[in-house]
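I have placed the structure first, in the form of structure tokens, so that the comments after it can refer back to it.
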Amino acid sequence: MNVTGAPSGPVREATRTDRLLAALGGLVAAYVSLAVADLVASRVRPEASPVVAVGSAVVDRTPAALKDWAIRAFGENDKAVLQLGILLFLALFAVGTGLLALRHRVLGAAAVGAFGLLGALAAVTRPDSDSAADAVPSLVGAAVGGILLYVLVGRLLASGSGLGFGPGPARADRRRFLVVAASSGLAATGAAALGRAVGSPAEENATASRAALRLPRPASPAPPVPAGARPAVAGISPFTTPNRDFYRVDTALVVPKVNADRWRLRLHGAGVREELTLTLRDLMARRTVERDITLACVSNEVGGPYVGNARWLGAPLADLLREAGVRPPSEGGPADQLVARSVDGMTIGTPVEEVMDGRDALLAFGMNGEPLPFEHGFPVRMVVPGLYGYVSACKWIESIELTTFDAYDAYWVPRGWSAEAPVKTQSRIDTPRPFGRPSAGTVMVAGVAWAQHRGVRRVEVRVDDGPWRDARLAAEATRDTWRQWTYPWEATPGRHTLTVRATDGIGATQPERRTDIMPDGAQGWHSVVVTVEEGG
């Protein structure tokens with residue numbers, strides 16, 4: 001045997017069976033490697049899993065246009081699709097390492113180790129990594145996978161059979177190969193199941209801390225929702241979006257689970273009189289307010305689903321800033337940008353002026369009467385009405401730094417997005433659905449419109465190329481929430497196009513021309529095409 005692990009002596013060409021078994025060995029070795037790495041990651045931290053670490057690195061380096069396409073094509077499943085893509089790439093890589101090991105066992109095993117080094121490097125260079133221990137899952141998984149591949153290919157080459165000796169792999173050796181491969185796969189499946197069943201101690205503690213959290217009574221409760229704010233129309237979005245249905249758009253492949261008892265918020269930077277560190281208990285002991293606020297994602301296309309309204313409970317951010325000595329630029333303050341940092345390394349840049357202009361900018365810890373769900377930022381997130389989420393709604397927040405837009409670009413700015421992004425006036429038809437087939441007669445057209453912090457003054461509906469007609473606006477809760485609207489349409493048989501537009505509280509009407517979501521949000525009129533059938 002030479003130093004590469006290839007058999008010495010006369011060598012014959014590999015048969016199709018040789019190659020198939022070697023490819024299978026590569027796949028089994030990769031599967032076992034990932035299962036072992038995930039099991040170890042469950043004891044270190046889930047974010048250290050090689051698939052998550054490499055996937056997060058891919059997300060950070062993916063062009064913005066490709067990310068936007070993924071959100072449009074796959075919605076909130078974009079992260080699952082990315083992880084599936086990584087696994088498919090890994091499967092192809094595993095087949096290649098198996099075929100390489102068929103000729104050079106040591107090099108094949110070393111290729112598995114190289115992939116493990118890549119995962120380790122991705123894990124320890126993540127912005128949220130604070131320990132070299134994050135490299136351990138990838139390294140351990142790679143070591144196990146490399147050894148297994150070496151052993152599996154050794155079964156094919158055992159006893160002088162296989163490549164280089166005799167007529168080919170003996171049946172006994174193939175059986176040993178399959179036995180080792182099958183038992184290794186079953187053991188890896190058991191390890192993966194054990195890791196999921198046992199879970200991460202850190203995640204268990206975080207879950208327990210959320211279950212034990214009792215929200216304070218707000219010093220300033222949200223005003224009651226007006227009786228006329230919720231028209232009873234089938235198919236319209238509810239005024240309050242349930243937590244389970246609230247949209248989620250972020251870059252976290254694994255939802256951070258933060259222990260509320262260990263959570264800290266650091267406030268520092270230009271204009272801060274003295275650096276502050278607050279616990280969740282400190283934050284909840286402050287004056288708390290409860291407000292209905294609609295949030296919207298800048299990735300929301302015209303008529304898209306990435307907007308929702310919830311009742312938030314939290315501490316006013318402006319109060320905390322003023323107590324720390326911060327002044328907005330209009331009052332001579334040195335900082336015009338507030339940079340919020342998440343536990344996963346995300347940075348969100350928010351204009352200080354807007355945070356301190358009197359709007360209900362919150363450090364929120366409650367959502368619709370319960371502690372924030374993990375998916376929406378538990379234990380604390382920012383909520384700033386009137387700004388798109390990528391410049392205001394930092395989830396899993398752990399620090400706030402006062403700086404300037406000239407001095408620092410938050411995460412999304414170098415990727416082509418505007419540094420400042422007020423929400424644009426938008427309206428959407430919820431019912432009838434696109435390509436719906438309502439019956440002739442009175443058809444209730446309904447939907448929502450939003451222009452946070454300006455309010456919605458008017459909504460109009462047009463049928464085909466006819467005149468614009470005023471829709472019935474539901475009662476306004478506040479200018480920071482969306483507003484539902486309805487329009488009774490006397491529908492005639494045939495194909496029709498329904499179009500909606502809104503006018504905000506300062507008199508600006510949505511422009512007709514549609515624009516892309518980049519660099520600061522889409523705009524344009526939403527339309528749906530329906531076919532009205534003869535009445536029954």
Side-chain angles (χ1 to χ4, degrees), residues 59-60 64 67-68 71 127 246-252 267 269-270 291 293-301 304 306-310 312 314 316-318 320-321 326 328-330 333 335-364 376-377 380-426 450-454 480 504 515-523:
V59 168
D60 289 346
K67 287 182 183 177
D68 299 335
I71 292 174
F246 207 93
Y247 76 91
R248 178 195 164 204
V249 177
D250 53 56
T251 63
L267 175 63
R291 295 291 184 266
I293 298 173
T294 296
L295 298 185
C297 179
V298 73
S299 296
N300 199 43
E301 295 187 304
Y306 302 128
V307 58
N309 186 61
W312 307 95
L317 178 53
L320 178 62
L321 295 177
V326 177
S330 61
D336 62 5
Q337 180 179 207
L338 176 161
V339 176
R341 286 181 171 82
S342 166
V343 299
D344 69 346
M346 172 60 65
T347 55
I348 300 290
T350 309
V352 174
E353 195 69 46
E354 275 79 349
V355 170
M356 303 184 73
D357 68 359
R359 70 186 71 195
D360 290 310
L362 302 177
L363 290 170
H376 296 295
V380 179
R381 68 173 294 166
M382 274 178 55
V383 173
V384 183
L387 303 178
Y388 282 117
Y390 85 100
V391 296
S392 68
C394 183
K395 298 190 284 191
W396 314 294
I397 188 172
E398 67 173 3
S399 76
I400 295 174
E401 179 182 3
L402 277 298
T403 182
T404 65
F405 284 104
D406 288 338
Y408 185 82
D409 286 336
Y411 181 90
W412 291 108
V413 176
R415 291 163 172 80
W417 297 89
S418 297
E420 301 185 50
V423 171
K424 296 180 178 179
T425 303
Q426 287 284 0
W450 59 93
Q452 294 93 303
H453 208 58
R454 299 185 304 279
D480 290 335
D504 65 23
T515 61
D516 191 32
I517 59 175
M518 290 189 73
D520 58 1
Q523 61 183 8

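- When side chains are defined from C-beta on, Asp504 does not count as touching Trp450, because their heavy atoms never get closer than 4.5 Å.
- Defined by atom type and a distance below 3.5 Å, a donor-acceptor pair is missing between the side-chain atoms of Thr404 and Asp406.
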### Task
Please test Val343 against Ile397 for side chain to side chain contact (heavy atoms under 4.5 Å, CB included), starting from the C-alpha separation and ending with a verdict.
CA-CA 6 Å; Val343 299; Ile397 188 172; over 6 Å; no

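- In this structure, the side chain of Thr515 engages the main chain of Gln523 through a donor-acceptor pair within 3.5 Å.
- Here the CD-CD distance, from Glu420 to Glu353, works out to 10.0 Å after rounding to the nearest 0.5 Å.
- At least one side-chain heavy atom of Tyr411 sits under 4.5 Å from a side-chain heavy atom of Thr251.
- Across all their heavy atoms, Trp417 and Ile517 have their closest contact at CZ3-O, 3.3 Å.
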### Task
Give the C-alpha distance, both sets of side-chain angles, the deciding distance and a yes or no for side chain to side chain contact (heavy atoms under 4.5 Å, CB included) between Trp412 and Thr347.
CA-CA 8 Å; Trp412 291 108; Thr347 55; over 6 Å; no

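- Among pairs with a residue in residues 383-405, those fulfilling salt bridge (charged side-chain N to carboxylate O under 4.0 Å, His left out) read Asp250-Lys395, Arg341-Glu401, at least two apart in sequence or across chains.
- Contact annotation: the side chain of Lys424 approaches that of Tyr388 to within less than 4.5 Å [non-hydrogen atoms, C-beta and beyond].
- Using a 4.5 Å heavy-atom cutoff, the side chains of Glu301 and Tyr306 are not in contact.
- Separation of atoms OG1 (Thr350) and CG (Leu338) is listed at 5.5 Å; rounding is to 0.5 Å.
- Scanning all heavy atoms of the two residues, the minimum distance from Met356 to Val326 falls at CE-O, 3.4 Å.
- With rounding to the nearest 0.5 Å, the separation of CG in Leu295 from OH in Tyr247 is 5.0 Å.
- Annotation: the span from His453 atom NE2 to Ile293 atom CD1 amounts to 10.0 Å, rounded to 0.5 Å.
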### Task
Kindly indicate, with the supporting measurements, whether the criterion side chain to side chain contact (heavy atoms under 4.5 Å, CB included) is fulfilled by Trp396 and Val380.
CA-CA 6 Å; Trp396 314 294; Val380 179; over 6 Å; no

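- Smallest separation of non-hydrogen atoms from Tyr390 and Ser418: OH-O, 2.7 Å.
- For the pair Ser392 and Ile348, the tightest heavy-atom approach, listed with the atom from each and the gap, is N-CG2, 3.3 Å.
- Residues Pro385 and Arg359 approach most closely at O-NH1, 2.8 Å, considering heavy atoms.
- With hydrogens and angles disregarded, no donor-acceptor distance shorter than 3.5 Å links the side chain of Arg291 to the backbone of Asp480.
- Looking only at side-chain heavy atoms (C-beta outward), Val352 and Phe405 stay at 4.5 Å or farther from each other.
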### Message
Ile400 vs Val339, test: side chain to side chain contact (heavy atoms under 4.5 Å, CB included). Steps then yes/no.
### Response
CA-CA 6 Å; Ile400 295 174; Val339 176; over 6 Å; no

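- Taking 4.5 Å as the limit, every side-chain heavy atom of Val391 sits out of range of all side-chain heavy atoms of Val384.
- We find the CD-OG1 distance between Gln452 and Thr294 to be 5.5 Å, quoted to the nearest 0.5 Å.
- Expressed to the nearest 0.5 Å, how far CE of Met518 lies from CZ of Arg415 amounts to 11.0 Å.
- Nearest heavy atom pair, residue Leu402 against residue Ala335, reads CB-CB, 3.8 Å.
- Counting only heavy atoms from C-beta outward, the side chains of Met382 and Leu317 approach each other to under 4.5 Å.
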